[in-house]
Student: 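Let me begin by handing over the structure; questions about it come next.
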Amino acid sequence: MNDIQSQLEQIKTEDYQQDQTRLCTMIAFLIGVDWQKCRFYYENDTALHEELQANKECVIIRSFCRIRTNLILNFSETENEMRYNLTNIDRQERFREDVRTLSKNGVDIIKVNYHVNQYLADLNKLIAQRINNVKSIFPDWIRWDYIRPLFIMPKGQNEKDIINESKYFIANKSFYPYQMYINWIPVEEGNILINDKKFVKVLYSQHGDVFTDMTKVKDASETVKKNIYEFIDDSKTIQLVVDCENSDPFKLASVLKQLDKTEIHKIQKIVLYDDIHTTNAWRYLKAVTGIPVEHIVVERIKYDKSLVDIKIAMGISKAFYQDKVTAFILLSSDSDFWGVISSLPDADFLVMVEEGKCGPDIQTTLENDGTYYCFMDDFCTGNIKSFKNAMFVSALKEEVEGLISLDTKELCDGIIRNLRMEISPTERINYYNKYIRRMRLDIDDKGIMKIKVQEE
């Protein structure tokens, strides 16, 4: 019986969630995998693949890696062409396209009287020098010190080590992703780039670590998204209403990030009902959604009693009767929202809840009523880097805006007056440019910020 129940739960999970492949798409592109070989697995990342193709640094690393793998796998044939037919790699078919790509991007790797291992040493050095240039495309939650070594051949400048590593790769190439060279301990894991969940699991294990936050590598299934799109398309006018007390701004960001932009922008407005004690993160939502946001902060009459629920009920009722809004996407895990749904039978509702905060009773009630609901937790939280960055920068600007406001010209004149220095206008300008304008903010190892004066 337990086995049957387990299988049913697994089927339910698979119906609500699907594996992400964005990390795999990035790695596959950078190590030089042909898109036709992997597009079946990464079909949801076609737009990402196009972005990578337009990224100069990604294209350069890709060409370096493709040439390196081809040199290793075709060592003898390539070496013979170079040695006996004087045919450098730019005139050999398997390398020609990548050499041209590098040349178009301002990188010339062709050397006269070179051999394969010399080219491999050069490529290893170039990859090590430039791999950090693509760090920004990866999300902040993935450890870069685990990603970077994948591209770095150990002791890649030493010919003996290059030969040993090449032989090791060739002997075990069936254990390398798409038989492209990476620096790792080959194990029988199948295709480690089949999805992000498998990739991060293997990647972290190779460093004696365990990756645990699966919300970063799972996303809501296409079935869930289709139901949301159908709800939006069937609605004449629609608002997204958020109970900020019982919702997570970052989970909302993950929902909006994973849904189709065209569909999402059919939502007329996001209305935030916020208590003064909730997170400040809601205040920055407008800057990154592209959807008009109305932020209603509900003050408390009694310190221990929130009025957010009643304000939501009144706001939705007003929007339905007065503003002629016909449909609402409601974000709340509080069962009190059922009151407004049951009171407006002619309005359409789609409810997004957090699974850990929403009990089985309200889920059953929604199901019996025919009101569609889904879990915000199912949406991938790994692709909201831009959202988090924008929120952090906005909050940082707000925090530091009033910390330092200094009239530097008056500062310079005050110092001169206090010292009773006899100086000419030219000397004053020189002092200002030499010392005042060159002052910088410096943060020490303890995180303390001070103004640092540059001395000669």
Side-chain angles (χ1 to χ4, degrees), residues 23-24 26-34 37-38 52 57-79 82 88-90 92 94-95 97-99 101-102 105 107-111 114-135 137-138 142-189 191-193 199-200 202-209:
L23 281 176
C24 294
M26 294 176 188
I27 297 295
F29 181 87
L30 292 173
I31 66 176
V33 181
D34 288 333
K37 289 184 178 180
C38 60
L52 296 172
E57 292 299 332
C58 290
V59 169
I60 289 173
I61 292 295
R62 173 181 170 84
S63 291
F64 285 159
C65 291
R66 280 170 56 91
I67 295 172
R68 179 170 65 180
T69 295
N70 276 325
L71 284 171
I72 296 173
L73 293 178
N74 302 280
F75 178 89
S76 296
E77 184 177 345
T78 305
E79 183 75 6
M82 296 171 67
N88 213 327
I89 61 172
D90 60 324
Q92 296 187 39
R94 62 173 56 91
F95 306 107
E97 180 183 347
D98 289 302
V99 172
T101 297
L102 291 174
N105 286 283
V107 181
D108 183 12
I109 64 168
I110 300 303
K111 303 287 179 63
Y114 245 43
H115 300 296
V116 170
N117 285 332
Q118 290 173 295
Y119 270 122
L120 286 172
D122 281 2
L123 288 165
N124 290 334
K125 183 177 180 180
L126 288 167
I127 292 171
Q129 289 173 341
R130 301 187 71 128
I131 190 61
N132 282 344
N133 293 348
V134 302
K135 179 182 178 181
I137 72 169
F138 288 91
I142 192 77
R143 292 195 57 163
W144 177 246
D145 57 331
Y146 291 177
I147 294 287
R148 187 179 186 277
L150 293 174
F151 297 87
I152 310 299
M153 182 180 287
K155 300 179 181 178
Q157 303 303 297
N158 185 286
E159 184 172 11
K160 181 179 178 181
D161 290 302
I162 290 173
I163 293 172
N164 289 337
E165 184 72 7
S166 298
K167 288 181 178 178
Y168 188 68
F169 167 50
I170 293 171
N172 297 278
K173 67 179 182 180
S174 60
F175 300 143
Y176 285 73
Y178 300 99
Q179 298 189 4
M180 301 297 290
Y181 175 77
I182 59 172
N183 172 30
W184 81 310
I185 303 169
V187 291
E188 274 192 76
E189 291 281 358
N191 184 1
I192 64 168
L193 297 182
F199 172 65
V200 295
V202 174
L203 178 68
Y204 276 59
S205 68
Q206 294 250 324
H207 291 270
D209 198 354

Student: Can you confirm whether Gln129 is buried at CD, in the sense that more than 12 heavy atoms of other residues, nucleotides or ligands lie under 6.0 Å from that atom?
Tutor: yes
Student: For the residue pair Val187 and Gln206, establish whether any side-chain heavy-atom pair is separated by less than 4.5 Å.
Tutor: yes
Student: When rounded to the nearest 0.5 angstrom, what distance separates CG in Asp122 from CD1 in Ile67?
Tutor: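 One gets 11.0 Å once the value is rounded to the nearest 0.5 Å.
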Student: Applying salt bridge (Lys or Arg N to Asp or Glu O under 4.0 Å), which residue pairs with at least one partner in residues 146-170 are found, sequence neighbours left out?
Tutor: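 Of all non-adjacent pairs touching residues 146-170, none passes salt bridge (Lys or Arg N to Asp or Glu O under 4.0 Å).
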Student: Hey, mind stepping through Asp209 and Tyr146 against side-chain contact (heavy atoms from CB on, under 4.5 Å) and telling me if it holds?
Tutor: CA-CA 10 Å; Asp209 198 354; Tyr146 291 177; 2.9 Å; yes
Student: Ignoring hydrogens, what is the shortest heavy-atom contact between Leu193 and Pro177? Give both atom names and the distance.
Tutor: CD1-CB, 3.7 Å
Student: Which heavy atom of Tyr119 sits nearest a heavy atom of Ile109, and at what distance?
Tutor: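 In terms of heavy atoms, the two residues are closest at CE2-O, 3.1 Å.
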Student: Please evaluate residues Leu30 and Cys65 with respect to the criterion side-chain contact (heavy atoms from CB on, under 4.5 Å), reporting the C-alpha separation (whole Å), side-chain torsions for both, the decisive distance (0.1 Å), and the verdict.
Tutor: CA-CA 7 Å; Leu30 292 173; Cys65 291; 5.8 Å; no
Student: Kindly indicate whether the side chain of Leu102, heavy atoms from C-beta on, has any atom under 4.5 Å from the side chain of Val99.
Tutor: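 Of all side-chain heavy-atom pairs linking Val99 with Leu102, none is under 4.5 Å.
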Student: Please report the shortest heavy-atom distance between Pro154 and Asn183, naming the atom on each side.
Tutor: CG-OD1, 3.5 Å
Student: In chain order, what residues pass the side-chain contact (heavy atoms from CB on, under 4.5 Å) check against Tyr168, with sequence neighbours excluded?
Tutor: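 Residues passing side-chain contact (heavy atoms from CB on, under 4.5 Å) with Tyr168: Asn172, Tyr176, Pro186.
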Student: Looking at every non-hydrogen atom in both residues, tell me the closest pair between Ala128 and Ile152 and how far apart they are.
Tutor: CA-CD1, 3.5 Å
Student: Can you tell me how far CD1 of Ile162 sits from CD of Gln118, rounded to the nearest 0.5 angstrom?
Tutor: 9.5 Å
Student: Out of curiosity, His207 NE2 to Asp145 CG, how far, rounded to the nearest 0.5 Å?
Tutor: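 With rounding to 0.5 Å, NE2 (His207) is 7.0 Å from CG (Asp145).
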Student: Going by the salt bridge (Lys or Arg N to Asp or Glu O under 4.0 Å) test, which pairs reach into residues 123-134, not counting sequence neighbours?
Tutor: Glu57-Arg130
Student: Applying salt bridge (Lys or Arg N to Asp or Glu O under 4.0 Å) as the test, list every pair that has at least one member in residues 58-74; sequence neighbours left out.
Tutor: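 Qualifying pairs: Asp34-Arg66, Arg66-Asp98.
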Student: Is the backbone of Ser166 close enough, under 3.5 Å, to the side chain of Tyr181 for a donor and an acceptor to pair up by distance?
Tutor: no
Student: Which pair of non-hydrogen atoms, one from Ile192 and one from Trp184, has the smallest distance, and what is that distance?
Tutor: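 In this case the closest contact between Ile192 and Trp184 is CG2-CH2, 3.8 Å.
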Student: Check the pair Ile27 / Phe138 against side-chain contact (heavy atoms from CB on, under 4.5 Å), numbers first and verdict last.
Tutor: CA-CA 10 Å; Ile27 297 295; Phe138 288 91; 3.8 Å; yes
Student: Which distance, rounded to the nearest 0.5 Å, do you find between the CD1 of Ile31 and the CD1 of Ile127?
Tutor: 11.0 Å
Student: Should we say atom CD of Glu97 is surrounded by more than 12 heavy atoms from elsewhere, each under 6.0 Å from it?
Tutor: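 Count not over threshold, so no.
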Student: Kindly write out the residues that satisfy ring pair (Phe, Tyr, Trp, His ring centres under 6.0 Å) with Phe199, not counting sequence neighbours, or none if the list is empty.
Tutor: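 Result, ring pair (Phe, Tyr, Trp, His ring centres under 6.0 Å) vs Phe199: none returned.
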Student: Decide side-chain contact (heavy atoms from CB on, under 4.5 Å) for Asn124 and Phe64; before the verdict, give the C-alpha distance in whole Å, the side-chain angles of both, and the deciding distance to 0.1 Å.
Tutor: CA-CA 8 Å; Asn124 290 334; Phe64 285 159; over 6 Å; no
Student: Say you draw a straight line from CD1 of Ile61 to CG of Asn133; how long is it, rounded to the nearest 0.5 Å?
Tutor: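 Spacing of CD1 (Ile61) from CG (Asn133) equals 7.0 Å.
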Student: For residues Val33 and Cys38, report the shortest heavy-atom separation together with the two atoms involved.
Tutor: CG1-SG, 4.1 Å
Student: Taking only residues two or more places apart in sequence or in another chain, which ones pass side-chain contact (heavy atoms from CB on, under 4.5 Å) with Thr78?
Tutor: Leu71, Asn74, Met82, Ile89, Gln92, Arg94, Phe95, Val116
Student: Within this structure, what is the CD1-CG distance for the pair Ile60 and Asn105, rounded to the nearest 0.5 Å?
Tutor: 4.5 Å
